[in-house]
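Okay, so here's the structure we're looking at.
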Amino acid sequence: MNPQVDRPLRILVAEDDAALSVMLSYNLEAAGHAVMPVDNGVDALREVTEWKPDLVLLDWMMPGLSGVDVCRRLRMATTTRYLPVIMLTARGEERDSIHALDTGADDYLVKPCGMDVLHARVRAVMRRCAGRGVAGGAEQDADVLRFADVTVDHGGRRVTRGDSTIALGPTEYRILLHLLRNPRRVFSRAEILAAAWDDRIHVEERTVDVHIRRLRLALNASGGADLIRTVRSSGYMLDDGKAN
């Protein structure tokens, strides 16, 4: 049993639809979780700071401050960078789900959704995030991986490039770790999915492209050369352009 997944959670429900908020809160509390409901983005940010939830269910559209804006702010702050976020949205088009992931959400649910699906997604997100800087998790593996000018202190969960510290979300961190352990090897999207996502939930292979793009942006923010190579019809690899 993974204690980070199976223990009762503190879940912040940020949803401005009163009926839906009540239904979500009731079902989550019935599953043993503590729930804090709010109906706007400003209160959501306040309760994240004061109540310190383990996970946030975040409505896409809310008055005052949208869920998208809240998610961006959570990802920008050091203390909430790894806080698990599931975006709730009535938008079902693919580009909207990609936008939710691009914003920094760990997963998304299209409303209305079944409560069994909700519970499964909560468990899956907590499994993926356990031990990666969230919900009190910490891995004790202290190995340090290096490639070109990128260094990952796996024990300290610290990523640097040159003299710059790189802020990565949990999924991007797992992808980078996998690529660093196997530099100059091409991985298909399916292989990256298997390495970075829980195999008990369905994730589209195109989701890999979203997270690779986010990983590239973070690694290249200081102007360094792009180390992630796209191999047409095959996948991705970590490559500095130098001979083995």
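Remember, it's a predicted structure, so these values are computed and weren't measured experimentally. Below, each value reflects all heavy atoms present in this structure, side chains not excepted, and no hydrogens, waters or symmetry copies.
Shown here for Ala196 and Arg174, the closest heavy-atom pair between the two residues is O-NE, 2.7 Å. Contact record, Arg161 with Ile166: N-CG1, 3.9 Å, taken as the closest heavy-atom pair. Pairing each heavy atom of Ala225 with each of Asn220, the nearest pair is O-OD1, 3.5 Å. Of all heavy-atom pairs spanning Val152 and Leu176, the tightest one is CG2-CD2, 3.9 Å. Glu15 approaches Leu20 most closely through the heavy-atom pair OE1-CD2, 3.5 Å. Scanning both residues, Ala218 and Ala167, for their nearest heavy atoms gives CB-O, 3.9 Å.
In this structure, Ser188 contributes its side chain and Glu191 its backbone to a donor-acceptor pair below 3.5 Å. Judged by distance alone, the side chain of Ser66 and the main-chain N or O of Asp69 form a donor-acceptor pair under 3.5 Å.
Remark: Asp59 engages Lys111 in a salt bridge, criterion side-chain N to carboxylate O under 4.0 Å. With salt bridges taken as basic N to acidic carboxylate O contacts below 4.0 Å, none links Glu47 and Lys52.
Linking ILVMFWY residues whenever their side-chain heavy atoms come closer than 4.5 Å, directly or via other members, places Leu58 and Met61 in the same cluster. Phe187 is connected to Phe147 through a chain of hydrophobic side-chain contacts under 4.5 Å among Ile, Leu, Val, Met, Phe, Trp and Tyr, so both are in one cluster. Residues Ile175 and Leu177 fall within the same hydrophobic cluster, defined by Ile, Leu, Val, Met, Phe, Trp and Tyr side chains chained together at heavy-atom separations under 4.5 Å. A continuous path of Ile, Leu, Val, Met, Phe, Trp and Tyr side chains, each step under 4.5 Å between heavy atoms, connects Leu12 with Val42, placing both in one hydrophobic cluster. Clustering ILVMFWY residues whenever any of their side-chain heavy atoms sit less than 4.5 angstrom apart, transitively, puts Leu65 in the very cluster that holds Trp51.
The distance from the OG1 atom of Thr171 to the CD1 atom of Ile192 is 12.5 Å, given to the nearest 0.5 Å. Distance CG/Asp116 to CZ/Arg121: 12.5 Å, rounded to 0.5 Å. To the nearest 0.5 Å, atom CG of residue Leu9 and atom CZ of residue Arg123 are 11.0 Å apart. Separating the CD1 atom in Ile86 from the CG atom in Leu109 is a distance of 6.0 Å, to the nearest 0.5 Å. Between atom CG of residue Leu118 and atom CG of residue Leu28 there is a gap of 5.0 Å, rounded to the nearest 0.5 Å. One distance of note links CZ of Arg213 with CG of Leu217; it measures 7.5 Å at 0.5 Å rounding.
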If you apply the rule side-chain contact (heavy atoms from CB on, under 4.5 Å), what do you find for Val208 with Arg206, and how did you get there? CA-CA 5 Å; Val208 172; Arg206 287 191 60 186; over 6 Å; no

For Leu180 and Leu238: C-alpha separation, side-chain torsions, deciding distance, then whether side-chain contact (heavy atoms from CB on, under 4.5 Å) applies. CA-CA 7 Å; Leu180 274 170; Leu238 201 63; 3.7 Å; yes

Could you go through Asp239 and Arg185, starting from their C-alpha distance and side-chain angles, then the distance that decides it, and tell me whether this counts as salt bridge (charged side-chain N to carboxylate O under 4.0 Å, His left out)? CA-CA 8 Å; Asp239 184 20; Arg185 175 182 166 185; over 6 Å; no

Does Val125 form a side-chain contact (heavy atoms from CB on, under 4.5 Å) with Leu55? I'd like the steps, not just the answer. CA-CA 9 Å; Val125 165; Leu55 178 141; 4.1 Å; yes

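Contact check for Ile11 versus Met36: no side-chain heavy atoms found under the 4.5 Å cut-off. Side-chain atoms of Thr165 and Val159, non-hydrogen and from C-beta on, never get closer than 4.5 Å to each other. In this structure the side chain of Val38 never reaches within 4.5 angstrom of the side chain of Val13, judged on heavy atoms. Annotation: side chain of Cys71 is in contact with side chain of Val85 (closest heavy-atom distance under 4.5 Å). With a 4.5 Å cut-off on side-chain heavy atoms, Leu219 and Leu227 do not count as touching. Within the 4.5 Å cutoff, no side-chain heavy atoms of Val35 are placed close to those of Tyr26. In this structure the side chain of Leu24 reaches within 4.5 angstrom of the side chain of Leu88, judged on heavy atoms. Counting only heavy atoms from C-beta outward, the side chains of Asp107 and Met87 never approach each other to under 4.5 Å.
A salt bridge (Lys or Arg N to Asp or Glu O under 4.0 Å) with Asp240 is found for one member of Arg146, Arg184, Arg229 and no other, namely Arg184.
In this model, no donor atom of one side chain and acceptor atom of the other lie less than 3.5 Å apart for Thr49 and Arg46. In this model, a donor atom of one side chain and an acceptor atom of the other lie less than 3.5 Å apart for Arg216 and Thr230.
More than 12 heavy atoms of other residues, nucleotides or ligands sit less than 6.0 Å from atom CE of Met115.
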